[in-house]
Amino acid sequence: MEQQAKKRIYSAIQPSGMLTLGNYLGALRNWVAMQEEYDCIYTVADLHAITVRQEPAKLRKQILETYALLMAVGIDPEKSLLFIQSHVAAHSQLSWLLSCYTQFGELSRMTQFKDKSAKHADNINAGLFSYPALMAADILLYQADMVPVGADQKQHLEITRDIANRMNNLYPNVFTVPEPYIPKIGARVMSLQEPTQKMSKSDPNVNAWVAILDKPDDIMRKFKRAVTDSDACVRYAEGKDGINNLMDIYSAVTGKNYQEIEKEFDGKGYGDFKLAVGEAVVDALRPVQDRFYDLMNNRDMLETTWRSSAEQAEAIARRTLGKVMKKIGFIY
Ligand code: ATP
Ligand code: LTN
């Protein structure tokens, strides 16, 4: 019997500074798990990053670190493609083509555009506005079947689907219309200081979030200071947002369920629990950090890896770009 091809997954992350425990438990751990079942293509979205002003040396460092960190968490370039978006020119090329099939009105409705243009009022550039056309190009170039995205990117995936359907109506079968992928497991990690808000690296209060590369002492300090409640009993319940969040984190890194955690800390105070969560997170991140620093000392290997992945990606991307250009009417 002919073997059915694996479904293809595409995802990307911007190299916009420190990745957090939220990015790790909510997104990257799933990226790693999906490699076993799917044909995965992962990208460091550096072209997206310049929609807000970047300092050249800092951007270069962040692209390199984000790439190394993706390998350190377990993305395996032998199993998946892992490359830097700007290394495959077809992303920019298809983005232009798609932007001519994307309407001003629909781009104006994007909440990320509205938020970011309010935040960067001095630099509301055309790239920030047409950001979704580049994201659609990323996904559609590889004819991806599924895209794992968090809540904040759902609207961008919707517009990608609209663009793909519009193109398919004009030029039959040009694109696969991607589905959102909702992972089976996936923690939503909340701020350690305001546990009703999601943990976010752009939070100016550094005690609210844990970076994947934070030192053990800093991780322990942040957990010791985590906001809890006055109930003094480790149990999962409505209104106990701080404790619920710590239980979710503990569960995600140890594999224990709520019942097991409640039993383990029966009769113990929050102090003991916070220490245990901190230590479990330190233990979970230690191998990632060790691999990261090894990789950063091996720049040649990183370069060889991203080049090889980009070459393989390019072969797929050029095929799609050629098809689109021919259908539109270019002499290709
Ligand atoms: P920012 O805080 O600057 O908006 P971010 O930390 O939300 O950035 P993104 O780059 O927008 O990070 O997200 C990358 C991926 O990580 C997305 O898939 C997103 O859903 C996931 N993610 C980010 N924060 C969390 C969190 N606290 N819990 C679970 N998943 C998260
Ligand atoms: N916009 C996304 C990153 C991103 C992406 C993509 C995600 C760029 N291209 C394609 C999924 C598919 C973000 O900022 N999180």
Side-chain angles (χ1 to χ4, degrees), residues 13-29 49 52 54-55 58 61-62 65-66 68-70 72-73 115-116 118-120 150-152 186-254 256 258 261-262 264-265 268-290 292-293 296:
I13 192 156
Q14 288 198 55
S16 45
M18 282 285 146
L19 294 179
T20 67
L21 185 66
N23 296 131
Y24 180 53
L25 298 178
L28 302 183
R29 267 202 343 183
V52 300
Q54 300 284 350
E55 206 217 298
K58 202 169 148 212
K61 179 165 175 274
Q62 286 178 358
E65 288 183 353
T66 305
L69 203 52
L70 291 177
V73 298
D115 292 349
K116 288 212 175 166
K119 223 158 113 187
H120 305 274
D152 55 332
R188 186 167 154 79
V189 181
M190 308 310 279
S191 155
L192 297 183
Q193 292 296 313
E194 273 178 84
T196 51
Q197 309 279 317
K198 109 178 177 169
M199 180 182 284
S200 160
K201 59 186 174 280
S202 40
D203 193 327
N205 182 352
V206 294
N207 286 320
W209 53 281
V210 171
I212 300 178
L213 295 175
D214 268 350
K215 295 198 172 67
D217 286 352
D218 293 326
I219 297 176
M220 293 306 294
R221 176 176 45 81
K222 290 178 186 182
F223 279 104
K224 277 183 205 158
R225 291 192 188 167
V227 167
T228 50
D229 53 60
S230 54
D231 180 37
C233 174
V234 178
R235 63 189 176 94
Y236 202 95
E238 208 173 319
K240 290 171 63 77
D241 301 309
I243 287 296
N244 295 350
N245 186 37
L246 294 179
M247 285 180 72
D248 279 331
I249 294 172
Y250 194 62
S251 168
V253 295
T254 61
K256 295 176 188 168
Y258 296 152
I261 300 171
E262 285 169 4
E264 182 178 349
F265 295 96
K268 293 191 183 142
Y270 285 168
D272 289 337
F273 180 50
K274 287 178 177 181
L275 276 183
V277 181
E279 277 164 11
V281 169
V282 167
D283 286 344
L285 294 182
R286 185 175 294 116
V288 175
Q289 297 188 353
D290 291 348
F292 172 81
Y293 292 110
M296 289 298 285

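Being a predicted model, the structure only gives us computed values, none of them experimental.
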How many angstroms lie between [atom1] in [X] and [atom2] in [Y], if you round to the nearest 0.5 Å?
| X | Y | atom1 | atom2 | result |
| --- | --- | --- | --- | --- |
| E194 | S200 | CD | OG | 11.5 Å |
| L28 | T20 | CG | OG1 | 8.5 Å |
| L285 | D290 | CG | CG | 10.5 Å |
| I219 | R286 | CD1 | CZ | 9.0 Å |
| I261 | M247 | CD1 | CE | 5.0 Å |
| L69 | Q62 | CG | CD | 12.0 Å |

For side chain to side chain contact (heavy atoms under 4.5 Å, CB included), just list the numbers for K198 and V189, CA-CA rounded to whole Å, side-chain angles, deciding distance to a tenth of an Å, and then say yes or no.
CA-CA 6 Å; K198 109 178 177 169; V189 181; over 6 Å; no
Looking at L21, L246, T254, L25, which hits side-chain contact (heavy atoms from CB on, under 4.5 Å) with V281?
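Of all the options given, the one that passes is L21.
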With a 4.5 Å heavy-atom cut-off, do L192 and N205 have their side chains touching?
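No - every pair of side-chain heavy atoms lies 4.5 Å or more apart.
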Kindly indicate whether the side chain of K224, heavy atoms from C-beta on, has any atom under 4.5 Å from the side chain of L275.
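They are in contact (side-chain heavy atoms under 4.5 Å apart), so the answer is yes.
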Scan residues 225-246 for pairs that pass ring-ring contact (aromatic ring centres under 6.0 Å, His included), counting only residues two or more places apart or in two chains.
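Every pair satisfying ring-ring contact (aromatic ring centres under 6.0 Å, His included) with a residue in residues 225-246: Y236-Y258.
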Would you tabulate the side-chain donor-acceptor contacts of residues 209-218 under 3.5 Å, counting partners in other chains and residues two or more places apart, or write 'none'?
{"from": "W209", "atom 1": "NE1", "to": "D203", "atom 2": "O", "distance (Å)": "2.9"}
{"from": "D214", "atom 1": "OD2", "to": "A211", "atom 2": "N", "distance (Å)": "3.0"}
{"from": "D214", "atom 1": "OD2", "to": "K222", "atom 2": "NZ", "distance (Å)": "2.7"}
{"from": "D218", "atom 1": "OD1", "to": "R221", "atom 2": "NH2", "distance (Å)": "3.0"}

Is there a donor-acceptor contact under 3.5 Å from the side chain of [X] to the main chain of [Y]?
| X | Y | value |
| --- | --- | --- |
| D248 | R188 | no |
| S251 | K256 | yes |
| R29 | A252 | yes |
| Q197 | M190 | no |

Partners meeting ring-ring contact (aromatic ring centres under 6.0 Å, His included) with Y293 (sequence neighbours left out):
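By the ring-ring contact (aromatic ring centres under 6.0 Å, His included) rule, Y293 matches no residue at all.
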Once ring-ring contact (aromatic ring centres under 6.0 Å, His included) is applied, do any residues pair with F265, and if so which ones, sequence neighbours excluded?
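F265 satisfies ring-ring contact (aromatic ring centres under 6.0 Å, His included) with Y250, F273 once adjacent residues are dropped.
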List the steps, then state whether side chain to side chain contact (heavy atoms under 4.5 Å, CB included) holds for Y24 with V73.
CA-CA 8 Å; Y24 180 53; V73 298; 3.7 Å; yes
Could you walk me through whether T228 and K274 satisfy the side chain to side chain contact (heavy atoms under 4.5 Å, CB included) test, starting with their C-alpha distance in whole Å, then the side-chain angles of each, then the deciding distance to 0.1 Å, before giving a yes or no?
CA-CA 10 Å; T228 50; K274 287 178 177 181; 3.6 Å; yes
Partners passing side-chain contact (heavy atoms from CB on, under 4.5 Å) against D231 (at least two apart in sequence or in another chain):
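Partners of D231 by the side-chain contact (heavy atoms from CB on, under 4.5 Å) criterion, ordered by chain and then number, come out as D229, C233, R235, K240, Y270.
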Considering residues at least two apart in sequence or located in another chain, which fulfil the side-chain contact (heavy atoms from CB on, under 4.5 Å) criterion with E65?
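Result, side-chain contact (heavy atoms from CB on, under 4.5 Å) vs E65: K61, F292, M296.
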